Protein chains: 2
Amino acid sequence: MREGPDIARIASLVGDPARANMLSALMGGTALTASELALEAGVSLPTASSHLSKLMEGGLLTLASQGRHRYYGLAGPQVAGMIEAITGVAEAVGPKRVRPGPRDAAMRVARVCYDHLAGEQAVAMLDRLVDRNILLRDDKEIRLGPSAASHFAAIGIDVYTKPRRPVCRACLDWSVRRSHLAGTLGAAILDKILAEKWARREKDSRAVVFTPPGRQAFEKVFLG
Amino acid sequence: MREGPDIARIASLVGDPARANMLSALMGGTALTASELALEAGVSLPTASSHLSKLMEGGLLTLASQGRHRYYGLAGPQVAGMIEAITGVAEAVGPKRVRPGPRDAAMRVARVCYDHLAGEQAVAMLDRLVDRNILLRDDKEIRLGPSAASHFAAIGIDVYTKPRRPVCRACLDWSVRRSHLAGTLGAAILDKILAEKWARREKDSRAVVFTPPGRQAFEKVFLG
DNA sequence: AGAATGCTTCGATGAGGATCAAACCATGCG
DNA sequence: CGCATGGTTTGATCCTCATCGAAGCATTCT
């Protein structure tokens, strides 16, 4: 008999289809209401509510009450990382789909990972930022380079304020299998991309689709 | 309703206590027989056998038949990574144990992670190898440095033969939260440590305990 | 061949948990 | 207020699946 952290408890929380769908939906990064999650999971409201209590009790979700709305979100980056790891195995092990549907293709290029950008574009961006010495990569510990503050300030992102979460973090990309940028800086960049309308979120998907001029602007700023 | 890789299927496989215990046991890296796994999981042999079929069908295990023995092992590094990710969340979310027992302390210093060394010692080792330019770290992609071949050849490890698995890989350490060395080189180094009797495996645990002279030898070779 | 060991399959049992309808709170609106 | 909307709780139903004893294969040892 083994001891230690109760991994079965956590895994079984993810192991129910309804809950798994809810968690996948929340990987989009935006917090959702119980009704929205019920819809995503394809179950009735009471059922969803029951599942949400369990996920809360298990510490996988956070809850923000606003008036009569209650917004559920992932508890943190660690939980998001776990979901990605499980997704990776499911992808590798699951039925090899002959044709990767069009939505999958878009997902590989750019998608939302919790609160930051993932996919080929995100990996390329981090590589380029490191090449230009704006960020310094040393193991998973990504740090700000000397010119980082001025560079990001120029595009309206403040890297000085120090919140609880680290500014930079590496996050292993699910499709590319290399790291992309997470942390508050990664989140701020995604915010910027959406605020500038360089890209829009695909409905009911994590995919992020750049507009032609948006892509140009993005490349100018981050890959230039 | 969501589509995509069936994450619930994978997670529910890990979500049963008996199966979770088996997988945890296999994180030790050595393949085990059905009877050994039944003992680990605290279930009868028929029950264990049933669980093992499910894990096989789910693609989480590999099977090597040798005579009348059937050795079950983890299907690969990706599966091991997933287990570590889940363990991390379970640890973070679970009941904060006031005192980390002595076994936990040993685990933090050095333990087996699938087929290579993990823990503080392993992280320190990788850092030092990178500092000395024996290995080159660039993102998760760790590569051999110019002097790697001769350096490892000197201690009887051949880094030339190219198997299917990559020679070097970074693996995020569960306790230290930084990367340590995985891949065939990581596995070879662990083999060396155990072959030279610098350390021994703690019984029924993933902990690795160095002997005083063994630690000295290890530090001389890898941290020197 | 016969016996012993290692493991899987079969069958029956039982418990946990997913589900939804209906009833029940809570907040916001007119 | 009273009604509507968003959410949770309760209760009853149903079904999956974990469990183990007994029997069945397979491989090795003598």
Side-chain angles (χ1 to χ4, degrees), chain A residues 1-2 6-26 30-75, chain B residues 1-2 6-26 30-75 86 90:
Chain A
M1 272 296 243
R2 302 228 132 216
D6 195 349
I7 115 174
R9 180 175 139 79
I10 301 300
S12 71
L13 282 174
V14 189
D16 176 86
R19 287 194 293 262
N21 282 329
M22 290 175 171
L23 291 169
S24 291
L26 290 174
T30 54
L32 299 173
T33 66
S35 348
E36 289 168 324
L37 288 167
L39 197 66
E40 283 287 350
V43 294
S44 73
L45 233 162
T47 305
S49 185
S50 155
H51 285 306
L52 289 170
S53 324
K54 280 170 185 147
L55 288 171
M56 284 294 298
E57 198 181 357
L60 264 48
L61 297 185
T62 52
L63 173 59
S65 290
Q66 283 181 19
R68 69 176 154 184
H69 292 271
R70 313 190 74 188
Y71 289 97
Y72 290 92
L74 290 190
Chain B
M1 269 299 242
R2 302 228 131 215
D6 196 348
I7 113 174
R9 180 177 139 78
I10 301 300
S12 71
L13 282 173
V14 189
D16 176 85
R19 287 193 293 261
N21 282 329
M22 290 175 171
L23 291 169
S24 291
L26 290 173
T30 54
L32 299 172
T33 66
S35 349
E36 288 169 324
L37 288 166
L39 197 67
E40 284 288 348
V43 294
S44 73
L45 233 162
T47 306
S49 186
S50 154
H51 285 307
L52 289 170
S53 329
K54 279 169 186 149
L55 289 171
M56 284 295 296
E57 199 182 357
L60 264 49
L61 297 185
T62 52
L63 173 58
S65 289
Q66 282 181 18
R68 68 177 154 184
H69 293 271
R70 313 191 72 188
Y71 289 97
Y72 290 92
L74 290 188
I86 299 174

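All values derive from a computational prediction rather than experimental measurement. A note on names: the letters A, B, ... follow the listed sequences, proteins ahead of strands, and every chain is numbered from 1.
- With B/Arg19 contributing its side chain and B/His51 its backbone, the two residues share no donor-acceptor pair below 3.5 Å.
- Within the 4.5 Å cutoff, the side chain of A/Leu60 has no heavy atoms near those of the A/Leu74 side chain.
- Residues B/Leu63 and B/Tyr71 form no side-chain contact, since every pair of their non-hydrogen atoms from C-beta on lies 4.5 Å or further apart.
- The shortest distance between side-chain heavy atoms of B/Leu61 and B/Leu26 falls below 4.5 Å.
- Distance, B/Asn21 CG to D/dT19 C1': 15 Å, rounded to whole Å.
- Looking only at side-chain heavy atoms (C-beta outward), A/Leu55 and A/Leu23 come within less than 4.5 Å of each other.
- Minimum interatomic distance between A/Ala75 and A/Gly59 (heavy atoms only, all atoms of both residues): CB-O, 3.4 Å.
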Any protein N or O atoms within reach of nucleotides 6-10 of chain D? Criterion: under 3.5 Å, listing atom names and distances.
{"residue": "D/dG7", "atom": "OP2", "partner": "A/Ser35", "partner atom": "OG", "Å": "2.1"}
{"residue": "D/dT8", "atom": "OP1", "partner": "A/Arg70", "partner atom": "NH1", "Å": "3.2"}
{"residue": "D/dT8", "atom": "OP1", "partner": "A/Tyr72", "partner atom": "OH", "Å": "2.6"}
{"residue": "D/dT8", "atom": "OP2", "partner": "A/Ser49", "partner atom": "OG", "Å": "2.9"}
{"residue": "D/dT8", "atom": "O5'", "partner": "A/Ser49", "partner atom": "OG", "Å": "3.2"}

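- Just one residue in the list B/Val14, B/Leu37, B/Asp16 forms a side chain to side chain contact (heavy atoms under 4.5 Å, CB included) with B/Met22, and that residue is B/Leu37.
- Formation of a donor-acceptor pair under 3.5 Å by the B/Ser24 side chain with backbone atoms of B/Ala20 is found in this model.
- DNA chain D is contacted by B/Asp16 of residues 9-17 of chain B, taking any non-hydrogen atom closer than 4.0 Å.
- Applying the 4.0 Å criterion to OP1 and OP2 of D/dA18, one finds that B/Lys54 has a side-chain N or O inside that range.
- An OP1 or OP2 oxygen of D/dT19 is reached within less than 4.0 angstrom by a side-chain nitrogen or oxygen of B/His51.
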